[in-house]
Amino acid sequence: MNEMTKVSLSQWAYSDAAKAALARKPALFIGNEWVESSHGETIAVIDPSSGKEVSRFVDASDADVDRAVAAARTAFDDGRWSNLPPIVREGMMHKLADLIGQHADEFAELEAIDNGKPKGMAANIDIPGAIGMMHYMAGWASKLGGEMIEPMAIPRGLFHSYVRREPVGVAAQIVPWNFPLLMAILKIAPALAAGCTLILKPAEQTSLTALRLADLVAEAGFPAGVINIITGNGHTSGDRLVKHPDVDKVAFTGSTEIGKLINRNATDTLKRVTLELGGKSPVVVLPDVDVATAGPGAAGAIFFNSGQVCVAGSRLYAHRSIFDQLIEGMAGAAQFWAPRPSLDPEGHMGPLVSSEQFDRVMGYIDAGKKAGASVAIGGDAPSSDGGYYVNPTVLVDVKPDMSVVQEEIFGPVVVAQRFDDLDEVAREANNTCFGLGAGIWTRDIGAMHKLAAKIKAGTVWGNCHGVIDPALPFGGFKQSGLGREQARQGVEAYTELKSVIIQL
Ligand code: ADP
């Protein structure tokens with residue numbers, strides 16, 4: 001049942017707008033200007049659908065990072081952003097969101113070329129998601145405020161006290177490659193709403209849309225130095241940002257391994273840190289479900305974005321009575337997710353982002369097989385002329401201690417297991433170091449709520465998976481992260497509280 005329909009895996013032609021973006025001269029966006037790097041080092045843009053280099057961008061030097069931090073520091077300290085009327089800041093944020101909307105098609109294509117995701121997915125999910133996030137957060141600029149609290153141990157009437165909510169300062173924001181523009185906006189928007197200035201560093205695999213975004217920053221009216229966008233490798237420019245004494249807050253999304261390293265590196269100067277890290281999210285399917293819905297649901301939970309999603313439903317637990325039927329349902333759905341080049345309009349899943357990621361995912365599939373897992377669906381890579389395609393894969397006959405069950409693969413690979421009762425599945429669902437997301441499929445409302453309470457995860461989905469909303473806090477339990485993004489909590493993470501006590 002793992003025969004995929006054969007389709008051509010040659011990348012489609014780029015539009016003129018995309019070609020123009022790829023032809024741009026490598027530069028960094030600092031203080032509302034495009035500036036050259038101090039050392040001229042560059043990194044290749046590889047289209048994962050073909051494996052070919054299609055452009056280059058700057059690999060920022062230490063001096064470049066320092067320059068960007070200095071621009072953000074000055075812009076924060078002189079109050080050119082935080083002292084603006086909140087409604088003016090809010091307006092600029094809405095303007096930036098609208099400008100992204102005006103270039104939505106180009107952003108979607110660049111995301112497809114850079115990351116490998118289908119352009120249609122980027123157009124329907126990443127770009128509108130980024131715009132929505134910016135509009136939502138813009139509203140907080142004029143809603144955030146302090147509090148007046150009466151003191152309790154000092155005489156009333158003789159003292160006046162209140163709590164101010166102030167921006168934390170300069171934020172260094174480091175994002176991954178799986179949803180490049182969406183992750184960038186998820187970081188930028190709350191910082192701006194809180195009144196911070198920032199330096200954004202996109203991932204070295206996917207910097208195109210962040211650079212295109214920079215073009216729109218000055219047009220939206222942001223004062224120089226409020227939003228700085230620099231590109232470069234993580235262990236060099238990312239590391240320097242994290243350790244920089246003039247940075248007040250680090251916000252990071254990426255692997256748990258690098259998140260822990262960043263947390264350690266930020267400790268010397270006690271920077272505020274928000275971390276959104278890895279996951280190994282369980283999807284639990286109870287016996288009462290309609291398998292015709294849950295099968296494709298479980299498939300979408302893992303194969304969307306080639307499984308390169310922090311909340312990917314990468315551990316499937318299906319009740320013993322429906323396990324075989326569910327796997328059959330997923331095999332049918334796997335046709336829908338058969339990989340295609342990112343600009344193929346018929347595609348729902350693209351290649352993996354890079355050759356490293358391809359090797360990593362194939363390495364996990366091999367390790368699973370060697371440890372005794374069987375391949376129920378996929379398990380291989382279709383032949384192509386250079387792209388990083390992997391077929392949707394379901395592994396069965398797995399044991400809880402196998403690496404494929406415990407570790408984040410970040411590819412279209414799900415491990416499927418049977419269970420008999422709720423307590424057992426809750427225990428197994430919690431049996432990893434992660435706690436980011438979880439899916440529960442059932443119409444049994446009691447079972448749904450009981451399991452939702454038992455599973456240790458920052459987000460639990462019922463009869464759906466991966467639905468994200470800017471108004472709801474997002475983050476991880478255990479080693480999946482620190483702090484929350486989105487919602488009121490996401491903006492507040494960019495603020496400090498100050499108690500003011502005045503003797504009258
Ligand atoms: P992945 O393993 O999925 O590629 P990473 O966690 O390595 O994800 O990378 C996510 C982001 O973190 C990227 O922007 C990358 O450049 C950055 N990064 C990687 N290493 C470091 C580091 N030591 N310090 C700061 N940023 C880093």
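Both counts, for ligands and for their atoms, begin at 1 and track the order of listing. What you see is a predicted model; the values in this text were computed from it and never measured.
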(request) With sequence neighbours left out, write down each residue that passes side-chain contact (heavy atoms from CB on, under 4.5 Å) with A138, or none if nothing qualifies. (result) E90, M93, H94
(request) Applying side-chain contact (heavy atoms from CB on, under 4.5 Å), name anything that partners Q489, two or more places apart in sequence or on another chain. (result) P473, R484, A487
(request) Look at ligand 1 and say whether P202 reaches it with a heavy atom at a distance under 4.0 Å. (result) yes
(message) Ring of F434, cation from K478 - is the NZ or CZ under 6.0 Å from the centre and inside 45° of the axis?
(response) no
(request) Find out whether the Lys NZ or Arg CZ of K117 is both under 6.0 angstrom from the six-membered ring centre of F179 and within 45° of the ring's axis. (result) yes
What is the closest protein heavy atom to [atom], and at what distance does it sit?
atom	answer
atom 16 (O) of ligand 1	E204 OE1, 2.5 Å
atom 5 (P) of ligand 1	S255 OG, 3.7 Å
atom 12 (O) of ligand 1	F252 CE1, 3.1 Å
atom 17 (C) of ligand 1	I174 CG2, 3.5 Å
atom 20 (N) of ligand 1	I258 CG2, 3.5 Å
atom 18 (N) of ligand 1	G234 CA, 3.3 Å

(request) Decide side-chain hydrogen bond (donor to acceptor under 3.5 Å, both in side chains) for T209 and E111; before the verdict, give the C-alpha distance in whole Å, the side-chain angles of both, and the deciding distance to 0.1 Å. (result) CA-CA 7 Å; T209 47; E111 217 67 302; 2.9 Å; yes
(message) Looking at atom 9 (O) of ligand 1, tell me if a protein heavy atom falls under 4.0 Å from it.
(response) no
Going by the order shown, which atoms of ligand 1 are within less than 4.0 Å of some heavy atom of [X]?
X	answer
V175	11 (C), 13 (C), 14 (O)
G238	24 (N), 25 (C), 26 (N)
L261	23 (N)
G254	6 (O)
I262	24 (N), 25 (C), 26 (N)
K201	14 (O), 15 (C), 16 (O)

Aromatic plane relationship, [Y] with [X] - under 30° parallel, 30 to 60° tilted, over 60° perpendicular:
X	Y	answer
F304	W337	perpendicular
W461	H465	tilted
H348	F336	parallel

(message) Distance alone, cut at 3.5 Å: any donor-acceptor contact between the side chains of K243 and T269?
(response) no
(message) Quiz question: by atom type and distance under 3.5 Å, do the side chains of S342 and Q11 form a donor-acceptor pair?
(response) yes
(message) Test of understanding: given a 4.0 Å heavy-atom threshold, classify the contact between W177 and ligand 1 as side chain, backbone, both, or neither.
(response) side chain
